[in-house]
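Heads up, the thing below is written out as structure tokens.
Chain A is the first sequence line, chain B the second, and so forth, proteins listed ahead of strands; every chain is numbered from 1.
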Amino acid sequence: MPELPEIETIRRDVDKEFVGKKIKRVEVTGARSVRRHPDASEFVARLEGRKVVGTVRRGKYLLMRLDNREVLVAHMGMSGQLLTATPKEPRPKHTHVVISFVAAGELRFVDPRTFGELFVAVPHALEEELAELAHLGFDPLEDQMAWTQFGQLLTARKTKLKPLIMDQHFIAGIGNMYADEILFAAGLRPDRSSETLTAQEIRRLYRSMVETLTEAVKHRGSSLADEQYRDLFGDIGAFQRLHNVYDREGEACPRCRSVISRVKYGGRSSFFCAHCQV
DNA sequence: ACGCCCGCCTGTAAGC
DNA sequence: TGCTTACAGGCGGGCG
């Protein structure tokens with residue numbers, strides 16, 4: 001379940017490994033992974049011969065800019081991985097797209113559950129934005145703002161905090177796992193209503209969001225027990241060791257030692273400390 | 001506007 | 001042991 005910190009980790013490594021490199025060949029063996037292109041060969045044709053000139057992240061989307069202004073967009077969904085490998089290494093099961101570079105090995109898209117996708121898009125002429133990503137809200141690390149401005153956005157809404165900070169139209173990049181960690185750090189319950197926050201709580205929420213995500217990037221993201229999340233080199237992250245509540249039902253709260261609760265909101269598990277979070 | 005639910009998927013684990 | 005069921009949850013869509 002890659003979220004913002006995992007995608008940012010992959011982006012930084014893709015930037016180092018593939019910027020300046022030319023795409024030699026593209027193989028699509030799983031058409032569902034390029035489903036925005038009704039014809040997979042059109043996806044291939046738009047990539048072959050192009051050079052990667054830069055990378056950008058928007059929420060959970062990784063963008064690889066090409067030398068003809070087009071952009072290769074990657075979204076991991078639940079189980080997508082971008083892995084670098086040499087052509088000789090055996091391809092893992094569920095390898096759906098392989099992009100071979102001149103003098104830089106392969107970039108493989110592996111995705112068992114096929115919720116993820118790759119597509120090529122063209123930015124608008126003047127603003128550099130992609131129509132495909134226009135629905136995304138602000139990026140918590142790229143679009144930092146005064147906490148008072150965040151408060152204005154927050155109190156304009158009347159909804160529970162957890163669904164709100166996970167709403168990609170509102171904030172881009174936070175999923176179920178980091179939402180729980182952020183809300184614990186802020187001392188706020190997941191079902192707290194957004195318009196009831198005091199100024200101090202708004203500031204704490206904003207700070208917790210930026211700090212939690214920044215720390216998670218420093219530790220190269222979180223890999224849970226299934227070790228589904230892997231970075232570009234196939235290695236797991238380290239931030240899961242620093243999780244306070246997520247996937248820690250029944251354990252002691254690191255702050256007050258009371259037992260961490262697990263509840264379901266809308267089919268999603270939420271972990272929180274009923275004592276620390278108000 | 002909000003809060004639900006479903007469908008899309010596969011791998012893993014728990015239950016009978 | 002072997003089958004069935006639940007669960008994991010990102011995201012778009014639908015419905016009340």
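- If you check distances only, the side chain of A:Arg113 does reach the base of C:dA8 with a donor-acceptor pair under 3.5 Å.
- No side-chain donor-acceptor contact under 3.5 Å links A:Ser222 to the backbone of A:Phe239.
- Under the salt bridge (charged side-chain N to carboxylate O under 4.0 Å, His left out) rule, A:Glu201 has a single partner from A:Arg207, A:Arg189, A:Arg192, which is A:Arg192.
- Remark: A:Arg36 engages A:Glu117 in a salt bridge, criterion side-chain N to carboxylate O under 4.0 Å.
- Following rounding to the nearest Å, A:Leu224 (CG) and C:dC7 (P) show an atom-to-atom distance of 18 Å.
- When base pairs are accepted only as Watson-Crick or G-U wobble with both N-N or N-O distances under 3.5 Å, DNA chain C takes part in stems of 3 or more pairs at B:2-8 with C:10-16, B:10-16 with C:2-8.
- The line from NZ of A:Lys24 to CG of A:Leu47 is 15.0 Å long, rounded to the nearest 0.5 Å.
- When rounded to the nearest whole Å, the span between CZ of A:Arg32 and C1' of C:dG10 equals 12 Å.
- Between A:Met76 atom CE and C:dG10 atom P there is a gap of 14 Å when expressed in whole angstrom units.
- A donor-acceptor pair is defined here as one N or O able to donate and one able to accept, closer than 3.5 Å; such a pair exists between the side chain of A:Glu3 and the backbone of A:Gly175.
- Nucleotides B:dC5 and C:dC7 are separated by 13 Å at their P atoms, to the nearest Å.
- For A:Asp111 and C:dG10, the CG to C1' distance is 11 Å, given to the nearest whole Å.
- A side chain to side chain contact (heavy atoms under 4.5 Å, CB included) with A:Lys22 is found for one member of A:Val52, A:Asp67, A:Val102 and no other, namely A:Val102.
- Rounded to whole angstrom, the span from the CZ atom of A:Arg268 across to the P atom of C:dG10 amounts to 6 Å.
- Of the residues near DNA chain C, A:Tyr61 and A:Met78, the one whose nearest nucleotide (by heavy atom distance) lies more toward the 5' end is A:Met78.
- With both ends at atom P, the span from B:dC9 to C:dC3 equals 24 Å, rounded to whole Å.
- Shortest non-hydrogen contact noted between A:Leu213 and A:Pro140 is CD1-CG, 3.6 Å.
- Listed pair A:Lys93 / B:dT10 fails the phosphate criterion, with no side-chain N or O lying under 4.0 Å from OP1 or OP2.
- Side-chain contact, A:Arg108 with A:Thr95: no donor N or O sits under 3.5 Å from an acceptor N or O.
- When each of C:dG10, C:dA8, B:dT10 is scored by its nearest atom to the side-chain atoms of A:Tyr246, the top-ranked nucleotide is C:dA8.
- Distance CD1/A:Ile165 to CG/A:Asp180: 8.5 Å, rounded to 0.5 Å.
- In this entry the distance linking CG of A:Leu136 with C1' of C:dG12 reads 13 Å, nearest Å.
- Contact check, A:Lys264 against C:dA6: no side-chain N or O comes under 4.0 Å of OP1 or OP2.
- Across the protein-nucleic acid pair, A:Asp191 atom CG and B:dG3 atom P stand 11 Å apart, rounded to whole Å.
- Per the geometry, CG belonging to A:Asn176 stands 12 Å off P belonging to C:dC11, to the nearest Å.
- For DNA chain C, the neighbouring residues in residues 151-175 of chain A, judged by any heavy atom under 4.0 Å, are A:Met166, A:Gln168, A:Gly175.
- Between C:dC11 and A:Lys60, a contact under 4.0 Å exists linking OP1 or OP2 to a side-chain N or O.
- Comparing A:Gln228 and A:Ser194 along DNA chain B, the residue whose closest nucleotide (by nearest heavy atom) sits nearer the 5' end is A:Ser194.
- Residue A:His94 places no side-chain N or O under 4.0 Å from the OP1 or OP2 atom of B:dT10.
- The distance from atom NE2 of A:His219 to atom OG1 of A:Thr9, rounded to the nearest 0.5 Å, is 11.0 Å.
- No engagement by A:Ser79 is indicated, since no non-hydrogen atom pair under 4.0 Å with the nucleic acid exists.
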